[in-house]
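Please read the structure below before turning to the comments.
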Amino acid sequence: MSIALITGASSGLGAAFARRLAGEGYHLVLVARDQARLAVLADELTQQHGITADVLPADLATPDGRSIVTARLAEAPVDLLVNNAGIGLPGRFSTTPPEDLQRQLDINVTAVLQLTRAALPGMLERGHGDVINVSSVAGFFSGSGSTYPATKAWVTSFTEGIATALPRGLRMLALCPGFVHTEFHQRAGLAKTGPEAFWLGADQVVTHALADLRRGKIVSVPGRQYQAVVLSARLLPRALLRRLSRRVSRY
């Protein structure tokens with residue numbers, strides 16, 4: 001029996017991961033703040049696929065919330081951890097309330113660190129296990145208006161560093177999507193901009209991520225358009241990327 005724990009599972013990529021993995025026969029632990037939405041999703045997946053889906057309400061921005069999940073991972077090891085929960089913020093660093101900045105850091109960075117640390121010992125003991133950390137294409141660029149790209153750069157770098165030290169049988173993947181049709185922008189108070197060709201479906205991103213994980217890749221960038229964007233970010237001088245970022249931030 002394979003078990004997957006998914007954070008931010010009540011909607012968006014988290015719910016898409018839950019539906020896909022339930023269809024593959026995984027038993028699930030669904031984590032998010034909204035217990036009611038989690039319960040609806042759990043009932044849906046249980047009835048459709050005959051799997052078990054446990055609801056674990058927790059606010060990953062708080063130490064108590066993170067402790068609930070790390071305790072679950074320590075008590076009952078999972079085969080797959082999907083660190084999907086994450087938030088963005090509107091506005092600039094200098095005008096964003098410090099408590100909002102801290103909340104973003106705790107969800108996007110601290111939770112990924114602590115949950116991964118809690119999950120790995122059980123995986124190492126059994127000799128198998130996977131971790132998917134949801135990062136972003138934004139992490140390859142120096143965003144001028146927000147700390148979001150910095151948090152995602154950390155997630156990608158952290159994943160690459162840990163993945164290279166894992167023994168055979170354990171895999172880690174940094175999933176770096178671009179724009180995805182989810183509730184992310186609405187919840188963050190951000191406008192949905194950019195050409196339609198750059199917007200991906202959640203199911204498309206999940207399919208790409210799982211395929212790359214199982215091929216042994218460490219960084220996954222869904223969509224050829226975003227693969228080209230990331231390649232340019234890696235080839236262009238950092239000074240030029242910073243100048244481009246400053247120009248874009250004016251609009």
Side-chain angles (χ1 to χ4, degrees), residues 1-32 35 37-58 60 66 68-86 111-135 155 158-159 162-177 202-220 222:
M1 179 178 72
S2 296
I3 302 173
L5 186 147
I6 306 165
T7 68
S10 59
S11 63
L13 282 176
F17 268 111
R19 291 189 172 95
R20 171 64 181 269
L21 293 170
E24 294 185 0
Y26 276 82
H27 297 271
L28 304 175
V29 181
L30 306 176
V31 179
Q35 184 172 2
R37 290 185 74 174
L38 288 179
V40 170
L41 178 61
D43 288 344
E44 171 196 328
L45 298 179
T46 299
Q47 293 176 17
Q48 286 184 358
H49 302 289
I51 52 95
T52 60
D54 295 334
V55 170
L56 190 61
L60 297 180
R66 294 191 296 274
I68 290 171
V69 186
T70 56
R72 170 61 179 79
L73 289 166
E75 292 165 5
V78 300
D79 301 282
L80 171 60
L81 168 64
V82 182
N83 281 312
N84 166 71
V112 172
L113 173 70
Q114 293 183 353
L115 270 59
T116 301
R117 177 61 182 80
L120 279 180
M123 294 178 178
L124 288 166
E125 182 178 348
R126 291 175 298 159
H128 68 87
D130 299 322
V131 178
I132 296 176
N133 293 324
V134 178
S135 185
V155 171
F158 167 75
T159 303
I162 302 300
T164 57
L166 291 176
R168 188 177 183 86
L170 275 70
R171 301 175 294 196
M172 286 187 69
L173 177 82
L175 172 59
C176 303
D203 291 338
Q204 175 186 359
V205 171
V206 168
T207 297
H208 191 103
L210 291 173
D212 278 352
L213 174 73
R214 291 160 183 171
R215 281 197 291 262
K217 295 191 69 173
I218 295 175
V219 177
S220 174

Least distance between heavy atoms, [X] atom then [Y] atom:
| X | Y | result |
| --- | --- | --- |
| N133 | T159 | ND2-OG1, 2.9 Å |
| A18 | L30 | CB-CD2, 3.9 Å |
| A209 | L173 | O-CD2, 3.4 Å |
| L60 | A111 | CB-CB, 4.0 Å |
| D212 | S220 | OD2-OG, 2.7 Å |
| L115 | R66 | CD1-O, 4.4 Å |

Nearest-0.5 Å distance, [atom1] of residue [X] to [atom2] of residue [Y]:
| X | Y | atom1 | atom2 | result |
| --- | --- | --- | --- | --- |
| D130 | L80 | CG | CG | 5.5 Å |
| I132 | L213 | CD1 | CG | 5.0 Å |
| L13 | T7 | CG | OG1 | 10.5 Å |
| N84 | L175 | CG | CG | 8.5 Å |
| L73 | L120 | CG | CG | 10.0 Å |
| H128 | R171 | NE2 | CZ | 11.0 Å |

Query raised in the report: Is the closest basic N to carboxylate O distance between R126 and D79 below 4.0 Å?
Result: yes
Requested in this report: Determine yes or no for a side-chain-to-main-chain donor-acceptor pair under 3.5 angstrom, with R72 supplying the side chain and A76 the backbone.
Outcome: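 It does hold such a pair.
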Query raised in the report: Taking atom CZ of R117 as the centre, does the number of heavy atoms from other residues, nucleotides or ligands within less than 6.0 Å exceed 12?
Result: no
Report task. Please say whether more than 12 non-hydrogen atoms of neighbouring residues, nucleotides or ligands are located less than 6.0 Å from CD in Q35. Result -> no
Query - Intermediate values then yes/no, side-chain contact (heavy atoms from CB on, under 4.5 Å), T116 and M172 - result: CA-CA 10 Å; T116 301; M172 286 187 69; 4.0 Å; yes
Query raised in the report: Taking it one step at a time, do I162 and V131 satisfy side-chain contact (heavy atoms from CB on, under 4.5 Å)?
Result: CA-CA 10 Å; I162 302 300; V131 178; over 6 Å; no
Requested in this report: Let me see the working for L166 and M123 under side-chain contact (heavy atoms from CB on, under 4.5 Å), right down to the final yes or no.
Outcome: CA-CA 10 Å; L166 291 176; M123 294 178 178; over 6 Å; no
Between [X] and [Y], is any pair of side-chain heavy atoms under 4.5 Å apart?
| X | Y | answer |
| --- | --- | --- |
| N83 | V155 | no |
| P167 | L124 | yes |
| S11 | R37 | yes |

**Report entry** Option among T52, L56, L81, V55 that satisfies the side-chain contact (heavy atoms from CB on, under 4.5 Å) test with V29
**Finding:** L56
Report summary line: Here the salt bridge (Lys or Arg N to Asp or Glu O under 4.0 Å) pairs for residues 5-17, sequence neighbours left out, are none
Requested in this report: Would you please test R19 and E44 for side-chain contact (heavy atoms from CB on, under 4.5 Å) and show each step?
Outcome: CA-CA 9 Å; R19 291 189 172 95; E44 171 196 328; 3.0 Å; yes
Query raised in the report: L113: what forms a side-chain contact (heavy atoms from CB on, under 4.5 Å) with it, not counting sequence neighbours?
Result: W154, F158
